[in-house]
Amino acid sequence: MDYDLLANLLTGRDPGNHEHDQATKGVVTAARKAAIDAAVSLSDRVDVWIIHSTPSPAALDRYRQHGAQVHTIDPGREVVMRRIKTMRPKHMHAVAARWYEQQAAPTTVAITSFGYSKRPPAAAHTIDCRALPNPHTVPALRAVDGTTRRVRAWVTGHAETCDLLTREADRIAEQMPATVAVGCNAGQHRAPAIAHELADMLTARGIATTITHRDMRPTTKAAKTTTERGLGHEHQQQVARLLRGHKDGTPCWWCAQPMYRDKVRNWDGRALHGDHSDPRSNGGTRADRLLHGTCNVRRKAGRHDDVRPAVLGVHPRDWSPPTATPALAPAGFNWGAATPG
C-alpha cells in the first residue's frame, strides 16, 4: 500500500511524482484507508505490506492491534536528506529532520506519581488527575493503594479516565519526554493507577518505562512485570493471533458489547486484551479469546463470571463488583437454649 503510487495511478501522472494537490490528497487518503482495511482482513491468509513514511502513534497502535510487525527502513540521515533534495518535496526536509531528532530522544520514559498536597516534582510533562473520579469516595478502596487491581479497575472503569489515558499515551509517544509526573490530591490512588496504566500502554508501543511513587503509602507488594505475571512474549504472540482472526463487531463475552480492533470504537476506549477462559490462577496458560481491556481487568480470576454484565443485561459502565453480604443468624427457635423467665 504505497500512497504516492496510488495517487499517481488515480491521476495518471508519472510514477515518480511526489507532488499532489489537496483534492487528490483527500481522495487518495480515503482510498488508501479503505484498501488497508480490506487488506488487513486477509492478513491471516496473505502477507500485507503497508508503506507509511510518518505514522502517528495512533496509526502504529492500530497496525499492532492487527498483529503487524513494524520494520523501520533507514539508510541513514545523509542518504535520506540527499534523496529528499533531488526526489522529494521541500517540506520533507523538516519532516525527516524531526524524525531523526525523535530517534535521538530518550528511549525510556520515567513516570513519577505524586500528590499535590506537596510540591509537584520537576518533569518534562505533568498530568493532573484531580478531576477524575476518586476511589477515596468508595470506603472499600480507601485502605488500598492505586497499584492494586481493584483500584486500577475502578479508576479505568470511567469514560473520562479512558479518554485521558488515550490522549496522554498518544502525546507521550509522539513527544517522548524523558520524565512524566502524574498527580492527584494525595498521590495514593488515582496517580499511581494512571501511572501504571500509562506504563502498560507505552510498553505495548515498544517504549520502555520506569515507575516511581513519591507519595504513595504502599499497602501491597510491588506490582509484578508482565513477564513475571506470565504475560510475556508468548502471551503477546497469542494475543496477536487472536487479533488477526478477530471479526469487528463480535460481542465481548464479559459485557456483550461489540469489540473492535480500533480501540476508539470500543466502549472503554482501550485496546482489546487476551483473556484466559481458564483463569491463570487456576492453572490456565493460554489466552484463547479477546475481551475489552476494562472487562479483562474486571474479570480477574473469574469470581464474578456468573454476575457479569452480559448475564445481568446491564451496560458495563453501570456494573460494579457485588459486595459480600454478612451471614445472618437463622430465624426461628433456639432449641435447647435457656430462656429468661
Could you grab the distance from atom [atom1] of [X] to atom [atom2] of [Y], nearest 0.5 Å is fine?
X	Y	atom1	atom2	answer
Thr24	Gln22	OG1	CD	9.0 Å
Leu242	Leu272	CG	CG	10.0 Å
Arg119	Phe114	CZ	CZ	12.0 Å
Thr29	Leu6	OG1	CG	9.5 Å
Thr294	His273	OG1	NE2	7.5 Å

Is there a side-chain contact between [X] and [Y] (heavy atoms, below 4.5 Å)?
X	Y	result
Arg190	Asn185	yes
Met216	Thr147	yes
Arg270	His292	no
Arg83	Pro75	yes
Val80	Asp74	yes
Glu160	Leu164	no
Val151	Asp145	no
Ile51	Tyr3	no

Identify all side-chain donor-acceptor contacts of residues 130-137 below 3.5 Å with residues at least two apart in sequence or on another chain.
| residue | atom | partner | partner atom | Å |
| --- | --- | --- | --- | --- |
| Arg130 | NE | Asp128 | OD1 | 3.0 |
| Arg130 | NE | Asp128 | OD2 | 3.2 |
| Arg130 | NH2 | Asp128 | OD2 | 2.8 |
| Asn134 | OD1 | His136 | N | 3.0 |
| Thr137 | OG1 | Asn134 | O | 2.7 |

Look at the side chain of [X] and the backbone N and O of [Y], then say whether any donor-acceptor pair between them is shorter than 3.5 Å.
X	Y	result
Arg299	Arg308	no
Gln238	Ala287	yes
Asn17	Glu19	yes
Ser41	Ala38	yes

TODO: May I have all residue pairs that pass ring-ring contact (aromatic ring centres under 6.0 Å, His included) and include part of residues 144-172, sequence neighbours excluded?
DONE: Trp154-His158
TODO: Scan Thr203, Leu198, Ile172, Ile211 and name whichever one has a side-chain contact (heavy atoms from CB on, under 4.5 Å) with Val109.
DONE: Ile172
Task: With Pro89, the side-chain contact (heavy atoms from CB on, under 4.5 Å) member among Met92, Met87, His93 - done: Met92
TODO: Might you point out which heavy atoms bring Asn8 and Pro15 nearest each other, and give the distance in Å?
DONE: ND2-O, 3.2 Å
Open item on the list: Salt bridge or not between Glu168 and Arg171? Use side-chain N to carboxylate O under 4.0 Å.
Closed with: yes
- [ ] May I ask you to say whether Asp200 pairs ionically with Arg152, meaning some side-chain N is under 4.0 Å from a carboxylate O?
- [x] yes
Open item on the list: Taking the six-membered ring of Trp254 as reference, does the cationic atom of Arg289 (NZ for Lys, CZ for Arg) lie under 6.0 Å from its centre and within 45° of its axis?
Closed with: no
